[in-house]
Undergrad: 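If you scroll down you'll find the structure; I have some questions about it.
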Amino acid sequence: MYFRAVPASHVPDHHDVVLLLEACASRLGDDVLAQVRSECGDDIRYRDGYVFQHLLTGPKSISELANRLGVTQQAMSKQVGDLLRRDLVVKNRDPADGRAWLVSLSERGHGVINAGRRARASMSEQLAADLGADVTAYLVEALWRLSEQTGAMEHLLSRRLRPEEAR
């Protein structure tokens with residue numbers, strides 16, 4: 001249960017919306033990661049998802065991943081090597097160019113994505129139960145409007161967030 005009454009003495013004189021959003025996003029993100037780790041193993045990292053999002057549509061080269069994430073090819077090679085060691089991705093020769101390698105999600109990597117989806121859905125359901133249907137609908141609408149105004153959702157969906165910006 002996430003929702004509980006907060007004593008008036010704990011409510012600041014001014015409401016720092018940015019701080020509240022950051023605190024909630026951080027806490028919920030940590031809870032999603034904990035649930036994913038409980039299903040998939042303690043070696044799962046928050047930043048893995050930034051690479052996974054680019055692999056959902058199919059295999060990519062290391063240079064394409066680096067370009068999409070705005071990191072160097074060397075940094076992406078290191079991260080892909082780490083993902084390979086943890087059996088989250090696989091590398092195969094590019095059928096169009098036998099000299100090149102393509103990275104794709106492994107079975108375990110797909111399992112991590114599915115676990116993350118289940119965790120977010122479960123938490124959304126719990127928040128809706130805790131807050132009530134009306135408050136939840138209002139919150140979702142307000143957050144969508146905020147994301148449209150700030151471009152936050154567009155930024156997220158472009159999947160251009162860099163791994164070192166992740167926790």
Side-chain angles (χ1 to χ4, degrees), residues 1-58 60 64-72 75-76 78-80 82-83 86 88-89 103 105 108-167:
M1 176 185 242
Y2 284 102
F3 186 70
R4 60 187 167 89
V6 177
S9 61
H10 288 84
V11 176
D13 290 334
H14 68 287
H15 297 286
D16 188 334
V17 174
V18 174
L19 183 63
L20 287 169
L21 288 170
E22 175 63 29
C24 290
S26 179
R27 174 59 193 265
L28 293 171
D30 289 347
D31 289 351
V32 167
L33 181 59
Q35 191 168 330
V36 170
R37 284 178 172 165
S38 74
E39 278 189 50
C40 301
D42 289 337
D43 64 335
I44 304 303
R45 298 185 185 114
Y46 188 87
R47 70 182 179 141
D48 296 341
Y50 290 89
V51 176
F52 289 179
Q53 293 303 309
H54 293 283
L55 298 175
L56 284 172
T57 58
K60 306 286 184 290
E64 185 176 2
L65 288 170
N67 183 43
R68 286 174 176 231
L69 286 163
V71 300
T72 66
M76 186 52 58
K78 183 177 178 182
Q79 186 165 5
V80 166
D82 178 55
L83 293 168
R86 293 184 286 132
L88 295 168
V89 299
V103 179
L105 289 168
R108 183 174 186 228
H110 281 287
V112 169
I113 288 172
N114 290 331
R117 289 174 176 162
R118 285 190 301 275
R120 288 190 308 276
S122 173
M123 286 181 199
S124 293
E125 289 172 11
Q126 183 64 53
L127 286 169
D130 291 347
L131 296 172
D134 290 346
V135 172
T136 301
Y138 181 81
L139 177 62
V140 168
E141 175 64 24
L143 290 172
W144 267 111
R145 290 176 64 190
L146 179 62
S147 75
E148 288 176 355
Q149 184 178 11
T150 62
M153 188 56 74
E154 181 181 334
H155 185 66
L156 176 69
L157 293 177
S158 73
R159 295 178 167 96
R160 298 264 320 148
L161 297 172
R162 296 169 52 154
E164 56 270 335
E165 292 174 350
R167 290 174 257 189

Undergrad: Flag the pair Ile113 / Leu105 as yes when at least one side-chain heavy-atom distance between them is below 4.5 Å, and no otherwise.
TA: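 Ile113 reaches Leu105 side chain to side chain.
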
Undergrad: Hey, mind stepping through Met123 and Gln35 against side-chain contact (heavy atoms from CB on, under 4.5 Å) and telling me if it holds?
TA: CA-CA 10 Å; Met123 286 181 199; Gln35 191 168 330; 3.7 Å; yes

Undergrad: With a 4.5 Å heavy-atom cut-off, do Asp16 and Leu20 have their side chains touching?
TA: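 Side-chain contact under 4.5 Å: no.
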
Undergrad: Side chains of Gln126 and Asp130: any donor to acceptor distance under 3.5 Å?
TA: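 Yes, because at least one side-chain N or O of Asp130 sits under 3.5 Å from a partner of the opposite role on Gln126.
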
Undergrad: Indicate the atoms forming the closest heavy-atom contact of Asp48 with Asp43, along with that distance.
TA: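 It is OD2-O, 4.3 Å.
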
Undergrad: Do NZ/NE/NH1/NH2 and the carboxylate oxygens of Asp82 and Arg86 come within less than 4.0 Å?
TA: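 Yes, charged N to carboxylate O under 4.0 Å.
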
Undergrad: Check whether Lys60 reaches the backbone of His54 with its side chain - one donor and one acceptor, N or O, closer than 3.5 Å.
TA: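 Here the side-chain-to-backbone pair exists.
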
Undergrad: Measure the CG-CZ distance between Leu143 and Arg145 for me, rounded to the nearest 0.5 Å.
TA: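 Going from CG on Leu143 over to CZ on Arg145, the span is 11.0 Å.
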
Undergrad: Taking all heavy atoms of Gln79 and all of Arg47, pick out the closest pair and write down the distance.
TA: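 That closest heavy-atom pairing would be NE2-O, 3.8 Å.
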
Undergrad: When rounded to the nearest 0.5 angstrom, what distance separates OH in Tyr138 from CG in Leu131?
TA: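 These two atoms lie 13.5 Å from each other.
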
Undergrad: Which atom pair, heavy atoms only, marks the closest approach of Arg45 to Arg37?
TA: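 Distance-wise, the nearest heavy atoms are CA-NH2, 4.2 Å.
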
Undergrad: Judged by atom type as modelled, is there a donor-acceptor pair below 3.5 Å linking the side chain of Thr136 to the main-chain atoms of Ala133?
TA: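 No.
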
Undergrad: Okay, side chain of Ser147, backbone of Trp144: is any donor-acceptor separation there less than 3.5 Å?
TA: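 Judged by distance alone, yes, a pair lies under 3.5 Å.
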
Undergrad: Once rounded to the nearest 0.5 Å, what's the spacing between atom NE2 of His110 and atom CG of Leu88?
TA: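 Output value for this atom pair is 11.0 Å.
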
Undergrad: Which heavy atom of Thr72 sits nearest a heavy atom of Ala66, and at what distance?
TA: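 The answer is O-CB, 3.7 Å.
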
Undergrad: Rounded to the nearest 0.5 Å, how far does CG of Leu21 lie from OG of Ser26?
TA: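 These two atoms lie 12.0 Å from each other.
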
Undergrad: With no hydrogens and no angle check, is any side-chain donor or acceptor of Ser122 less than 3.5 Å from a backbone partner on Arg118?
TA: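 No; zero donor-acceptor contacts below 3.5 Å.
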
Undergrad: If you take all heavy atoms of Ala115 and Glu39, which pair is closest and at what distance?
TA: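 Nearest pair, atom of Ala115 first, then Glu39: CB-OE1, 3.6 Å.
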
Undergrad: Which atom names give the shortest non-hydrogen contact between Met76 and Leu69, and what distance separates them?
TA: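 What the structure gives for the nearest pair is CE-CD1, 3.3 Å.
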
Undergrad: Enter the distance from Glu22:CD to Arg27:CZ here, rounded to the nearest 0.5 Å.
TA: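 If I round to the nearest 0.5 Å, the distance is 14.0 Å.
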
Undergrad: Check whether any side-chain heavy atom of Asp30 sits under 4.5 Å from a side-chain heavy atom of Tyr46, and report yes or no.
TA: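 Asp30 vs Tyr46: side chains apart.
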
Undergrad: Any non-hydrogen side-chain atom of Leu55 less than 4.5 Å from a side-chain atom of Leu65?
TA: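 A side-chain contact under 4.5 Å exists here.
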
